[in-house]
Amino acid sequence: MILLPPLPLLLLLAALAAPATAATTYRPDWNRLRGLTRARVELNRLKEVKAFVTQDIPFYHNLVMKHLPGADPELVLLGRRYEELERIPLSEMTREEINALVQELGFYRKAAPDAQVPPEYVWAPARPPVETSDHADL
């Protein structure tokens, strides 16, 4: 007869044995992000996030960094009136994953930090509201 450790210990061991790359990738909830117009990154001293902040944020339009000492790095998505729409934890993401996420969310990446933003991207990542009719069922 084989004696197994209690179940919580097994789960803990399974979690410890999981590869570090098994972190789930963030998928935006587009229904919740209606009205997204800007974001800020809140971070601490993580290498991947720090590289994103120092080398990549200057290229993105409507994306700013706010340093909060001791806080876990997060991408805070804001609406037109600066209301918080969602917080996305960044500490488990690579620089490439963060860049892909920001671009998927619709933030415009300029060719150079001081480059002009084309008129069609001035309000990016804001999307026009989805037209819904009160009489769609007619």
Side-chain angles (χ1 to χ4, degrees):
M1 179 169 157
I2 299 173
L3 292 176
L4 293 175
L7 184 58
L9 183 57
L10 284 177
L11 293 177
L12 175 63
L13 291 174
L16 292 175
T21 58
T24 57
T25 303
Y26 174 80
R27 301 299 308 156
D29 176 359
W30 293 109
N31 291 324
R32 188 167 179 209
L33 297 179
R34 286 196 183 133
L36 172 66
T37 57
R38 59 186 52 88
R40 69 176 180 252
V41 176
E42 297 179 353
L43 75 149
N44 62 6
R45 296 179 293 271
L46 296 171
K47 259 187 185 182
E48 288 282 328
V49 178
K50 198 169 197 176
F52 170 77
V53 168
T54 59
Q55 298 170 29
D56 298 326
I57 282 183
F59 288 89
Y60 287 103
H61 179 62
N62 282 338
L63 186 61
V64 297
M65 196 280 294
K66 180 179 180 181
H67 184 78
L68 299 175
D72 287 333
E74 296 181 308
L75 178 65
V76 181
L77 303 176
L78 306 171
R80 292 182 195 274
R81 295 183 189 104
Y82 294 92
E83 73 276 11
E84 185 177 307
L85 300 175
E86 190 162 352
R87 287 179 175 259
I88 304 165
L90 300 177
S91 56
E92 298 297 320
M93 297 174 77
T94 66
R95 179 180 173 190
E96 292 77 24
E97 290 171 331
I98 298 169
N99 271 295
L101 170 64
V102 169
Q103 290 176 19
E104 181 181 354
L105 289 170
F107 287 90
Y108 177 73
R109 185 176 172 96
K110 302 177 280 185
D114 57 349
Q116 291 291 329
V117 176
E120 63 269 23
Y121 293 107
V122 169
W123 297 106
R127 292 175 175 82
V130 176
E131 295 294 325
T132 57
S133 170
D134 293 335
H135 306 289
D137 57 338
L138 295 178

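Partners of Ala100 under the side chain to side chain contact (heavy atoms under 4.5 Å, CB included) rule, at least two apart in sequence or in another chain, do not exist in this structure. Gln116 meets the side chain to side chain contact (heavy atoms under 4.5 Å, CB included) test with no other residue; sequence neighbours excluded. Every residue meeting the salt bridge (charged side-chain N to carboxylate O under 4.0 Å, His left out) condition with Glu84, not counting sequence neighbours, appears here in chain and number order: Arg87. Not counting sequence neighbours, the partners of Asp56 by the side chain to side chain contact (heavy atoms under 4.5 Å, CB included) test are Phe52, Tyr60, Arg95, Asn99, Arg109. Ala112 meets the side chain to side chain contact (heavy atoms under 4.5 Å, CB included) test with Asp114, Ala115; sequence neighbours excluded.
The number of heavy-atom neighbours closer than 6.0 Å to OH of Tyr121, taken from other residues, nucleotides and ligands shown, is 12 or below.
The side-chain heavy atoms of Leu78 and Leu85, taken from C-beta on, include no pair separated by under 4.5 Å. Side-chain contact check for Met93 versus Leu101: some heavy-atom pair is nearer than 4.5 Å. The closest side-chain heavy-atom distance from Leu105 to Trp30 is below 4.5 Å. Side-chain contact check for Pro125 versus Tyr108: every heavy-atom pair is 4.5 Å or farther apart. You'll find the side chain of Glu48 reaches within 4.5 Å of the side chain of Glu96, heavy atoms only. Side-chain contact check for Glu86 versus Leu33: some heavy-atom pair is nearer than 4.5 Å.
Expressed to the nearest 0.5 Å, how far CG of Leu75 lies from CG of Leu90 amounts to 5.5 Å. How far CD of Gln55 is from NZ of Lys50: 11.5 Å, rounded to the nearest 0.5 Å. Between the CD atom in Glu74 and the CG atom in Leu68 there is a gap of 9.0 Å [rounded to 0.5 Å].
The heavy-atom pair separating Ala124 from Asn62 by the smallest distance is O-ND2, 2.7 Å. Nearest heavy-atom pair across Pro113 and Lys110 is O-NZ, 2.8 Å.
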Side chain to side chain contact (heavy atoms under 4.5 Å, CB included) between Val102 and Ile57, intermediate numbers included: CA-CA 10 Å; Val102 169; Ile57 282 183; over 6 Å; no
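If you chain together hydrophobic residues whose side chains sit under 4.5 Å apart, Leu63 and Met65 fall into the same group.
Sorted pairs that involve residues 117-126 and meet salt bridge (Lys or Arg N to Asp or Glu O under 4.0 Å), not counting sequence neighbours, are lacking altogether.
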